[in-house]
J.: 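Pasting a structure below so you can have a look.
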There are 2 protein chains.
Amino acid sequence: MTTPTYHVDGDLVPAEEATVSVRDRGFRYGDAAFETIRVYGGTPFEFGAHDERLRRTCDHLGFREAVPETADLRGRVEETLDANGLTDASVRLSVTRGVQPGKLTPRPSVDPTVVVTVASLPRGGTAGDPVWDRPAHVQTVETRRIPDDAVPAAAKTHNYLNGILARLDLRGTGADEALLCATEGSLAEGATSNLFFVEDGALRTPATDVGLLPGITRNVVLDLAREMDVPVETGRYDLARLTDATEVFLTNSTWEVRPVGRLDGVEREVGPVTRRLRRRFEERVDRLY
Amino acid sequence: MTTPTYHVDGDLVPAEEATVSVRDRGFRYGDAAFETIRVYGGTPFEFGAHDERLRRTCDHLGFREAVPETADLRGRVEETLDANGLTDASVRLSVTRGVQPGKLTPRPSVDPTVVVTVASLPRGGTAGDPVWDRPAHVQTVETRRIPDDAVPAAAKTHNYLNGILARLDLRGTGADEALLCATEGSLAEGATSNLFFVEDGALRTPATDVGLLPGITRNVVLDLAREMDVPVETGRYDLARLTDATEVFLTNSTWEVRPVGRLDGVEREVGPVTRRLRRRFEERVDRLY
């Protein structure tokens with residue numbers, strides 16, 4: 001396997017030389033936005049939606065105007081894919097507030113640091129295989145989702161300790177995804193995924209006002225469900241609702257639609273709505289090949 | 001001015017070459033602990049307490065056993081000071097979880113990245129001058145302190161966006177420190193400082209169980225107050241208490257004891273307890289010269 005090539009601050013560099021300054025605010029404070037984008041047959045999936053969310057994150061952080069233009073960002077992603085000879089991949093695109101004089105208070109003038117890293121993934125679509133080798137084993141954890149009034153829930157940033165602490169709560173359980181509740185106790189999301197469940201034939205997912213990251217894949221799945229005439233509801237749900245649910249699944253850009261095979265130690269069947277949504281998602285991906 | 005020298009991963013390097021990998025979890029996720037330590041006459045102030053808190057942070061993050069020994073960390077700090085010819089300085093000491101295979105879930109085997117950066121500060125003690133040029137202008141902000149059940153409040157990490165967002169709330173106010181309340185509304189702390197106030201001659205500061213970072217300087221000031229027979233109380237206070245307070249001040253390692261000269265637009269006098277505590281603190285620093 002050859003060394004991967006990454007894109008840092010405008011240049012393609014071998015992975016071992018891909019670095020940022022220790023003075024970069026992305027390192028000092030996690031003062032940075034990022035997106036994880038899946039690439040199918042050379043095409044970044046939902047690039048527009050990722051680009052928009054990245055800008056929204058930077059808006060929350062007060063440096064939206066410093067983010068390079070969409071075509072520029074997309075160019076860096078494509079150059080990185082080309083340099084690595086990858087057409088099926090996962091891309092991580094980060095924009096930091098860069099190096100600034102002074103200490104914690106951000107300065108208005110921002111020279112952002114843009115980093116693109118890539119990793120190979122299997123082919124997607126109906127002819128491909130899932131990136132996961134089994135349905136998710138999910139465990140609810142003690143760590144609570146950071147509330148929206150402390151850090152905007154819709155911002156996807158390098159401050160990812162909340163999710164890391166949730167994953168650390170899984171030690172010894174055999175689970176591979178942590179399910180976080182909001183401070184007031186209602187279901188929020190997984191450490192790196194959104195939660196869906198099916199009850200009485202309707203698809204339900206926690207509403208964004210619970211305080212969760214509105215995933216790009218979450219939105220795609222909600223759209224697909226509506227196209228398929230599956231009733232959709234978003235709301236505030238407690239954990240007991242999952243016990244009664246006939247199906248539970250997770251979504252994120254890498255996993256796509258991933259069924260939950262075990263929840264808090266209880267085995268669960270993969271159900272028909274999950275299967276149909278997954279199939280529909282793969283058909284949508286097929287159009288990119 | 002010559003280029004500063006920093007300490008990265010065991011080596012002294014010129015600042016412009018002081019970098020970390022874009023794969024370092026300290027960059028990707030802010031998955032790192034840090035301390036800001038003031039140095040007086042070549043001696044790091046309260047190094048033991050900083051070292052202990054750093055280990056406590058890494059314990060919360062699950063990699064305490066990977067932190068280099070105290071003498072090793074202290075050696076890196078001293079080498080960095082020597083390389084820069086500094087005896088009065090501020091030191092930032094970071095320990096990250098380093099580069100790991102896989103994605104968000106931390107692996108048990110940790111090869112930490114240790115970074116030391118330094119900046120010159122004026123001489124401290126009774127013969128020195130404060131690093132600030134005026135009492136603090138403080139404004140309460142909408143951003144709420146992250147609750148302890150989402151990220152442990154006692155952990156000092158590279159996830160510093162909560163404080164950055166609070167500082168961004170200050171734009172246009174002329175204030176230089178943001179005062180954050182807990183989610184339930186009681187006073188917590190400043191973005192980079194602890195809050196104290198004097199009422200009926202007694203010194204009061206929000207209790208750690210409100211969810212705040214227990215500052216090293218906060219502890220020193222509480223000790224000094226007890227030595228001076230100033231009554232001390234910690235508790236849960238709302239903003240109205242500050243209106244009635246006769247004195248308000250902030251503490252952190254760099255500012256030491258910093259009076260508040262304006263609070264939510266209202267001018268405030270620097271009071272006698274604040275002055276005496278500041279003097280006593282400087283006398284304690286004098287012993288290091």
Side-chain angles (χ1 to χ4, degrees), chain A residues 6 8 15-32 34 36 60-62 92 94 96-97 103-106 108 115-117 119 142-152 155 157-165 167-168 170-171 176 178 180 183 191-192 254, chain B residues 6 8 15-32 34 36 60-62 90 92 94 96-97 103-106 108 115-117 119 142-147 149-152 155 157-165 167-168 170-171 176 178 180 183 191-192 254:
Chain A
Y6 298 151
V8 182
E16 64 268 26
E17 293 167 29
T19 61
V20 292
S21 170
V22 298
R23 292 173 300 177
D24 194 287
R25 294 179 60 100
F27 175 68
R28 285 175 72 92
Y29 309 121
D31 190 3
F34 83 99
T36 303
H60 283 298
L61 304 187
R92 192 181 207 261
S94 296
T96 88
R97 205 189 305 265
K103 302 186 85 176
L104 192 70
T105 303
V115 176
V116 183
T117 61
E142 289 297 310
T143 296
R144 291 289 179 264
R145 178 66 167 85
I146 294 177
D148 187 59
D149 58 6
V151 178
T157 76
H158 282 217
N159 274 217
Y160 226 93
L161 275 179
N162 190 217
I164 289 172
L165 291 161
R167 286 282 178 85
L168 287 171
L170 300 179
R171 282 174 297 190
D176 50 24
L180 292 90
T183 310
T192 65
T254 308
Chain B
Y6 297 153
V8 182
E16 65 266 28
E17 293 167 30
T19 61
V20 292
S21 169
V22 298
R23 293 173 299 177
D24 194 288
R25 293 178 60 101
F27 175 68
R28 285 174 74 91
Y29 308 121
D31 190 4
F34 82 99
T36 303
H60 283 297
L61 305 186
S90 173
R92 193 181 205 261
S94 296
T96 88
R97 205 189 304 265
K103 301 185 83 174
L104 192 69
T105 303
V115 175
V116 183
T117 61
E142 289 298 309
T143 296
R144 290 289 179 263
R145 178 65 168 84
I146 294 177
D149 59 6
V151 178
T157 76
H158 282 216
N159 274 218
Y160 226 92
L161 275 179
N162 190 216
I164 289 172
L165 291 161
R167 286 282 178 87
L168 287 170
L170 299 180
R171 281 174 298 192
D176 49 24
L180 292 90
T183 311
T192 66
T254 309

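Atom set for the values below is all heavy atoms of this structure, side chains included, hydrogens, waters and symmetry mates excluded. In what follows, every chain begins at residue 1, and chains take the letters A, B, ... in the order their sequences are listed.
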J.: For chain B, which of Thr254(A), Leu165(A), Thr183(A) has the most heavy-atom pairs under 4.5 Å?
T.: Leu165(A)
J.: Output yes when a side-chain donor or acceptor of Tyr6(B) lies under 3.5 Å from a complementary backbone atom of Thr19(B), and no otherwise.
T.: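 A pair under 3.5 Å: no.
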J.: What residue in His60(A), Arg167(A), Arg28(A) has the most heavy-atom pairs under 4.5 Å with chain B?
T.: Arg28(A)
J.: Between Tyr160(B) (side chain only) and Ala191(B) (backbone N and O only), is there a donor and an acceptor less than 3.5 Å apart?
T.: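 Here the side-chain-to-backbone pair exists.
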J.: Check whether any side-chain N or O of Arg145(A) sits under 3.5 Å from a backbone N or O of Gly163(A) as a donor-acceptor pair, and report yes or no.
T.: no
J.: Among the options Arg171(A), His158(A), Glu142(A), pick out the one with the most heavy-atom pairs lying under 4.5 Å from chain B.
T.: His158(A)
J.: Given that the side chain runs from C-beta out, which part of Ala155(A) has a heavy atom under 4.5 Å from chain B: side chain, backbone, both or neither?
T.: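 Contact with chain B involves no heavy atom of Ala155(A) at all.
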J.: Look at Thr117(A), Asp148(A), Asp31(A) and state which one has the largest set of heavy-atom pairs under 4.5 Å with chain B.
T.: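 Counting heavy-atom pairs under 4.5 Å, the top option is Asp31(A).
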J.: Got a second to check how far Ile164(A)'s CD1 is from Asn159(B)'s CG, nearest 0.5 Å?
T.: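 Going from the CD1 atom of Ile164(A) to the CG atom of Asn159(B) covers 7.5 Å.
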J.: Side chain of Asn162(B), backbone of Arg144(B): donor and acceptor closer than 3.5 Å?
T.: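 Yes: the side chain of Asn162(B) pairs with the backbone of Arg144(B).
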J.: Quick check on Leu161(A) against chain B: is it the side chain, the backbone, both or neither that has a heavy atom closer than 4.5 Å?
T.: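 Its backbone and side chain both get close to chain B.
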J.: Any donor and acceptor pair, going by atom type alone, linking the side chain of Arg97(A) with main-chain N or O of Asp24(A) inside 3.5 Å?
T.: no
J.: Chain B heavy atoms under 4.5 Å from Val115(A): which part of the residue, side chain, backbone, both or neither?
T.: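 The side chain, not the backbone.
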J.: Heavy-atom pairs under 4.5 Å with chain B - which of Leu168(A), Thr192(A), Asp176(A) has more of them than the others?
T.: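 Of the candidates given, the most pairs with chain B belong to Leu168(A).
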J.: Could you check which of Val8(A), Ile146(A), Thr96(A), Leu170(A) has the highest count of heavy-atom pairs closer than 4.5 Å to chain B?
T.: Ile146(A)
J.: Heavy-atom cut-off 4.5 Å, strictly under: side chain, backbone, both or neither for Ala119(B) against chain A?
T.: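 Nothing of Ala119(B), per the 4.5 Å heavy-atom cut-off to chain A.
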J.: To check you understand the geometry: which heavy-atom pair defines the closest contact between Val22(B) and Phe27(B), and what is its length?
T.: O-CD2, 3.4 Å
